[in-house]
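In what follows, every heavy atom counts, from backbone to side chain, and hydrogens, waters and symmetry copies are set aside. Here is how names work: the chains are called A, B, and so on, in the same order as the sequence lines, proteins then strands, and each is numbered from 1.
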Amino acid sequence: MATGIRDKVAILGMGCSKFGERWDMGGEDLLVEAFQECIEDAGIEKNEIQAAWLGTCFPEISVGQSALPLSMSLRLPNIPVTRVENFCASGTESFRGAVYAVASGAYDICLAAGVEKLKDTGYGGLPEFGANAGPRAWMTGVNMTAPGSFAQLASGYGAKHKVSDEEIKRALAHISAKSHANGVKNPKAHLRKAVSEEQIMAAPIIAHPLGLFDCCGVSDGSACAIVTTPEIAKSLGKTDLISVKGLQLSLSNGYEMGYNEWEVDHFVTTSKASTKAYEEAGIKNPREEVSMMEVHDCFSITEMVTMEDLHISPRGGAIKDIMDGFYDADGGVPCQIDGGLKCFGHPIGASGLRMLYEMYLQLLGRAGDRQLKDPRIGLTHNLGGFPFMNVCSVAIIGRYEK
Amino acid sequence: MVGITAYGAYIPKRRLNRMAIIQSMGWLAPALMTAAAGERSMCNWDEDALTMAVAAARDCMTGMDKSAVNAAYLASTSLPFKERQNCGILSTALSLPEEGLVTADFTASLKSGTTALLTAIDAVQGEGKDSVLVTASDARQTKAAWFFEMWYGDGAASLLLGKDNVIAEFKGAYSVSCDFVGAYRGAFAKYDYGWEERWIREQGFTKIIPAAINGALEKCGLSMDDVSKVVYPCHLSPRVHQSIAKPLKIAPDKIQDNMADVLGDTGAAHPLVMFVAALQDANPGDKIVVASFGQGCDALVFEVTDNIKKLPARNGVKGALANRKEEAQYSKFQKFRDLVNVEMGIRAEANKQTALSAMWRYRKQVLGLTGGKCTTCGTIQYPKSRMCVNPDCNAVDTQEEHVFADKTGTIKSYTGDMLAVSVDPPAVYGLVQFEGGGRALFDFTDCELGEVKVGQPVKMSFRMKYYDEPRDFHGYYWKAVPQT
């Protein structure tokens, strides 16, 4: 009978590149930047890594297909390397591969890396899928961009909970202002300037009602983690162990887009993945027990409804919690304490690992100016695809206390 | 009795104010002022002769039995494909049965609409067919700042021919076919090339139309006194249109309005568009002459019957004309018609190649907006799939076809996207929930973002979805039109 992943795997080391418009670096170079920090943090030799995973979503425009880009750029010693992709959960999927490999007992030490080089497309915004999104992409696919797909949550949520456009717009502005204020303190973030709620509300519209500051930027970046068993970590001299408590995915099956019930007001997948992750981690009251979160704020509206889907705010109650500052740095459950996708941008394959990196630093007391007081449990959340059809990952890490 | 059993029409919502052309280009061609009265209809950027034909045919088939149609003809001089039968696309869009169906495109002449009508009548009279759908449509390209741009309009009309419940009986016809070329367009040209209007009027219109109409009246044993309305096109000035009536001794009140001031000349469609307008005002017993002009003239005579009162309501030309939105920006017309070279950005360079094998496999979904209904749990769903989407069912291979094209939908969510590549930003789209079940994301069209609301009803419209320029391939699909 399976017992979940709780406390079976510990993080030995993590690394994260500076995120931003890294014109000077290709994807291969960014992987090295993140890896150098990671291997030093882990305190092991490269040849001790026995298997590796690489998360990257758009290989066509960045590093290319297969897992060879990771093996080649890090000169890994002909070990198994696997490329994984699950839209915006690719980084977390990479982590998941490495974690399960260690938990299975097949390997002792594994590497999870993620990278995306988005700034070679020549234009702003996520690249067009073109005919690469399957044969029906042009025939029936809506002329939709990422901002437009998520923007629809605003009309759905507003209609369902009878909330005005103005109330939603104001809550969204608070979300982004809060994240920007956090990003000021993060030397690895792309955007490090504070922005006021008024500036945000007055910004040009990208996809109604989302404005410029409701949308995370497109940037380059890489992050990685080395994982092992708690026993091996201790034997290597680590004392404050950070272990994986919960690691769950949930994917759409057509219900949202094809069945006649869902009201474009929340994420079915996030609601389910979080419940499973809390169960796996032994968390009974997430609002009380989760110390901090990094959620997928590709668009501020996503963050807003996710507060409810993570069962931290009650249904229909996210706006109140947001406006009360519950998710601010000094609130009950600080959200996006590192600045989030809002300040880092979203190099897709790297984002899930960048989120874990911040939770990891916070748990070890190494988050500098951003340090929260005595965090115990950190939650990361990724949402890939769009509200109607998506991949959700929820990862929970915390202090290993056994 | 053989004749018309139903009619339909479609005119695009936008009407370009002709003075907008003058304001923009009058400096170059002051003579255009003589044609500047009123407005002409203007396709939206996602409309063309084929989409308008589908809309007119759907209007015509309101309350009629699609499964009984055994032939469909499409007449136009501006169809998107030179090889790939355009009427085949129309038939799939209407979900006409593929088995036992004859389809044909009638092209290359402005009289092709009436020729298709004559051919349909022959087919029904010949006992080979008992329900034939004839559609004519044109959206002609014109160079900027010239008379063609002022005179032409975009539009389509559709007629169903049969033997049961005939609303206008066919009495007889006469054709003159001759190689009179007032204007022409070579196989690879984009625009018409026309000769002197005075010559077209004097040697063309004024000679050929009366010859055909007189021939038709003689064949039917009728005189002009017996006729209630005479339909004939003329794209030149209203005065010229009226003057053609003289040799025929048609009383002014019998000349069917050619709608130059509210629509423009719709090419191959125009005689049928005018005929539909006449039918909408006709009374039982009225005799209507319908004539065309283009390398000759077909003249047909119909007599309206009592059944016209029983025809289920449809838009026709009247309803289409009433659904109107003024367009005062000539630059929009220029962009929609590809008359200006606009930078659309790198994002617009996406590869749009269509996998023809996939297009064939999905044709009923893509062109016919067909989904599925699970025979195990009854859930209506879109698209049709092998596994039922109902989480409590998931039965395999149990779905029968369910057509959504004529269903009303309700908006569940929407946005207006300024980032998406669009010639008319913002791109508006959202989730549509269909009455009876089934839902999907659709592009919205013919709407303003400010008017769209969750809960608003929508109707589905067949539109041009994408154009693969390097491969000259137009892709079609359905879009939602919010109803105000």
Is [X] atom [atom1] crowded by more than 12 heavy atoms from other residues, nucleotides or ligands, each under 6.0 Å away?
X	atom1	value
Met460(B)	CE	yes
Arg386(B)	CZ	no
Asn341(B)	CG	no
Met25(A)	CE	yes
Lys169(A)	NZ	yes
Glu400(B)	CD	yes
Lys272(A)	NZ	no
Lys276(A)	NZ	no

Problem set entry | Contact class of Phe150(A) relative to chain B, heavy atoms under 4.5 angstrom |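 Contact with chain B involves no heavy atom of Phe150(A) at all.
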For this session: Below 4.5 Å from any heavy atom of chain B, which atoms of Tyr255(A) appear? Answer side chain, backbone, both or neither.
Result: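 Backbone plus side chain of Tyr255(A), per the 4.5 Å heavy-atom cut-off to chain B.
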Problem set entry | Worked verdict on Lys412(B) versus Trp262(A) for side chain to side chain contact (heavy atoms under 4.5 Å, CB included) | CA-CA 9 Å; Lys412(B) 295 293 289 183; Trp262(A) 178 68; over 6 Å; no
Specify which of [options] makes the most heavy-atom pairs with chain A at under 4.5 Å.
options	answer
Phe434(B), Tyr477(B), Tyr429(B)	Tyr429(B)
Met359(B), Lys479(B), Lys453(B), Gln365(B)	Gln365(B)
Gly475(B), Gly437(B), Ala440(B)	Gly437(B)
Val421(B), Asn390(B), Asp468(B), Val366(B)	Asn390(B)

Distance, nearest 0.5 Å, that separates [atom1] of [X] from [atom2] of [Y]:
X	Y	atom1	atom2	result
Leu431(B)	Ser155(A)	CG	OG	9.5 Å
Thr415(B)	Ile301(A)	OG1	CD1	10.5 Å
Leu369(B)	Thr140(A)	CG	OG1	10.5 Å

Chain B: which of [options] shares the most heavy-atom pairs with it under 4.5 Å?
options	result
Glu263(A), Glu261(A), Met144(A)	Met144(A)
Gly141(A), Pro147(A), Ala207(A), Gly122(A)	Ala207(A)
Ile206(A), Asn253(A), Leu210(A), Thr121(A)	Ile206(A)

Segment of [X] engaging chain A (4.5 angstrom heavy-atom cut-off):
X	value
Ile380(B)	backbone
Tyr476(B)	backbone
Ala420(B)	both
Glu349(B)	neither
Pro425(B)	neither

Problem set entry | Closest heavy-atom pair and its distance - Pro135(A), Arg361(B) |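 That would be CG-NH2, 4.5 Å.
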Exercise. What's the shortest heavy-atom distance between Asn260(A) and Gln433(B), and which atoms?
Worked result: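 The pair with the smallest heavy-atom distance is OD1-NE2, 2.9 Å.
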Exercise. Mind checking whether Val264(A) and Val454(B) have side chains closer than 4.5 Å, heavy atoms only?
Worked result: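 Sidechains of Val454(B) and Val264(A): no contact.
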Problem set entry | Flag side-chain contact, heavy atom, 4.5 Å: Tyr382(B) against Met257(A) |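 Tyr382(B) does not reach Met257(A) side chain to side chain.
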For this session: Apply side chain to side chain contact (heavy atoms under 4.5 Å, CB included) to Leu441(B) and Gln152(A), showing your working.
Result: CA-CA 11 Å; Leu441(B) 286 168; Gln152(A) 292 174 78; 3.8 Å; yes
Return yes if some donor-acceptor pair links the side-chain N/O of [X] with the main-chain N/O of [Y] below 3.5 Å, else return no.
X	Y	value
Arg136(A)	Tyr362(B)	no
Arg439(B)	Tyr259(A)	yes
Asp443(B)	Val142(A)	no
Trp138(A)	Lys465(B)	no
Asn143(A)	Ser422(B)	no

For this session: Just say parallel, tilted or perpendicular for the rings of Tyr414(B) and His208(A), cut-offs at 30° and 60°.
Result: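 Correct class here is parallel.
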